[in-house]
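Everything on this sheet refers to the single structure shown next.
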Amino acid sequence: MLDWVPLLKKMEFFQGLTQEEIQPLLQNAIEKTYEDKEVLFSEGDKRDYLFVLRKGTVLISKLSEEGEERVINILTSGEIFPHTGFFDDRPYPGTAQAKREVEVLKIPMKAFDTFIEANPHLAFRVIKVMSRKIYDLQHKLNNMLSLNVEERLLTTIEQLNTLGEDKINLTHQEIANVVGASRETVSRQLKKLEKQGKIKMLKHSIVICDNQ
């Protein structure tokens, strides 16, 4: 379990803490590997754990009023989630699904609450970090309402590039769920971007070109 300490110390939540200060948080934590398409938690489930993502990609989705699944966020290594409900008992606000194999650390919410009580100065840091993440998510949702499909697709690619992802391991349908369009429309737009030299489509992934 100590091999998680270097990753945690890099995260904004825990920067400046020693291994000894972080150790209590790990005593009841669980290391777990999820396979492709396996669900980590579902929207509305009781929020028992906080997740730290070390390897892989996790898709966060919500059901629309029409019952359609919409991917609202893509999480990569170094993320801690869910992004809401740290200080109350609200259920998970969305569904988290593994994309390919992912490795996570599951921290019981009770253990996290105890950790914050022992380090009260971290509470403001948690609120600040999560507020920023919620703002970023709201910005993404606003883009879905105001931009056309090509613009939404480019914005999504740029966001993944900002996260350090030079290869997108998502299917055309999953990308369609992210940008709020049909798979056929997304496929056409991806081919257009490939012709423009902005991306390169491989069998199981999309490579972001340097000029993107």
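Here the structure is a predicted model, which means the values were calculated and not measured.
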Donor-acceptor contact below 3.5 Å, side chain Lys62 vs main chain Pro93: yes
* Asked: Is the closest side-chain heavy-atom distance between His172 and Met201 below 4.5 Å?
  -> yes
NZ of Lys110 to CG of Asn28, rounded to nearest 0.5 Å, is 11.0 Å
inquiry  = A side-chain contact here means heavy atoms from C-beta on lying under 4.5 Å apart; do Lys9 and Ile22 qualify?
reply    = yes
Heavy-atom closest pair (Lys99 atom, Thr171 atom, distance to 0.1 Å) is NZ-CG2, 3.6 Å
inquiry  = Let me check something: do Met109 and Trp4 share a hydrophobic cluster, defined by ILVMFWY side-chain heavy atoms less than 4.5 Å apart, either directly or through other members?
reply    = yes
Any link between Ile60 and Leu63 through a network of hydrophobic side chains (Ile, Leu, Val, Met, Phe, Trp, Tyr) touching at under 4.5 Å?
no
So CG of Leu170 and OG1 of Thr57: to nearest 0.5 Å the spacing works out to 7.0 Å
Hydrophobic cluster identity match, Phe13 and Leu7, side-chain contacts under 4.5 Å: yes
- Are Glu12 and Arg125 close enough for a salt bridge, meaning some N to O gap below 4.0 Å? no
Quiz item: Does the pair Glu79 and Val58 meet the rule for a side chain to side chain contact (heavy atoms under 4.5 Å, CB included), with working shown?
Solution: CA-CA 10 Å; Glu79 288 276 5; Val58 171; over 6 Å; no
Rounded to the nearest 0.5 Å, the OG1 atom of Thr114 sits from the CG atom of Asn119 at a distance of 11.0 Å
Would you indicate whether the side-chain heavy atoms of Val179 and Thr185 approach each other to under 4.5 Å?
no
Between Asp48 and Tyr92 the two heavy atoms that sit nearest each other are N-OH, 3.4 Å
>> For Lys10, I'd like to know if atom NZ has over 12 heavy atoms of other residues, nucleotides or ligands within 6.0 Å.
In response: no
Please check if the side chain of Gln97 supplies one atom and the backbone of Lys37 the other of a donor-acceptor pair under 3.5 Å.
yes
Exercise. Please confirm whether the backbone N or O of Glu43 pairs with a side-chain atom of Thr95, one donor and one acceptor, at under 3.5 Å?
Key: yes
Taking every heavy atom of Leu75 against every heavy atom of Leu53, the minimum-distance pair comes out as O-CD2, 3.6 Å
On a heavy-atom basis, the closest approach of Glu174 and Val71 is O-CG2, 4.3 Å
Open item on the list: Between Ile74 and Leu59, is the side chain to side chain contact (heavy atoms under 4.5 Å, CB included) condition met? List the steps.
Closed with: CA-CA 5 Å; Ile74 302 171; Leu59 307 181; 4.1 Å; yes
Within-4.5 Å side-chain heavy-atom neighbours: Leu17 and Phe115: yes
Shared ILVMFWY cluster between Leu122 and Val5, side chains joined below 4.5 angstrom?
-> yes
One should read off an interatomic distance between Leu193 CG and Leu153 CG, to the nearest 0.5 angstrom, of 5.5 Å
dist Ile80:CD1 -> Met11:CE (nearest 0.5 Å) comes out at 4.5 Å
Worksheet item: How are the rings of Phe51 and Phe81 set to each other: parallel, tilted or perpendicular (split at 30° and 60°)?
Response: parallel
task: Could you please spell out the steps behind the side chain to side chain contact (heavy atoms under 4.5 Å, CB included) verdict for Val178 and Val186?
output: CA-CA 10 Å; Val178 173; Val186 166; over 6 Å; no
>> Using the rule that Ile, Leu, Val, Met, Phe, Trp and Tyr join whenever any side-chain heavy atoms are under 4.5 Å apart, tell me whether Val39 and Tyr34 fall into a single cluster.
In response: no
| Counting only N and O atoms by type, is there a donor-acceptor contact under 3.5 Å from the side chain of Ser77 to the main-chain atoms of Arg54? | yes
d(Ile107 CD1, Leu25 CG) to nearest 0.5 Å is 4.0 Å
State, with a plain yes or no, whether a side-chain heavy atom of Gln189 is found less than 4.5 Å away from one of Ile175. no
Item to complete: Establish, yes or no, whether a centroid distance under 6.0 Å links the rings of Tyr49 and Phe41.
Response: no
Q.
I want to check something: taking the side chain as every heavy atom from C-beta on, are Glu103 and Glu31 in contact at a cut-off of under 4.5 Å?
A. no
Heavy atoms of Cys209 and Lys200 approach each other most closely as SG-N, 4.0 Å
Here the pair of heavy atoms bringing Pro91 nearest to Gly44 is CB-O, 3.5 Å
- Going by heavy atoms in the side chains, are Val126 and Phe112 under 4.5 Å from each other? yes
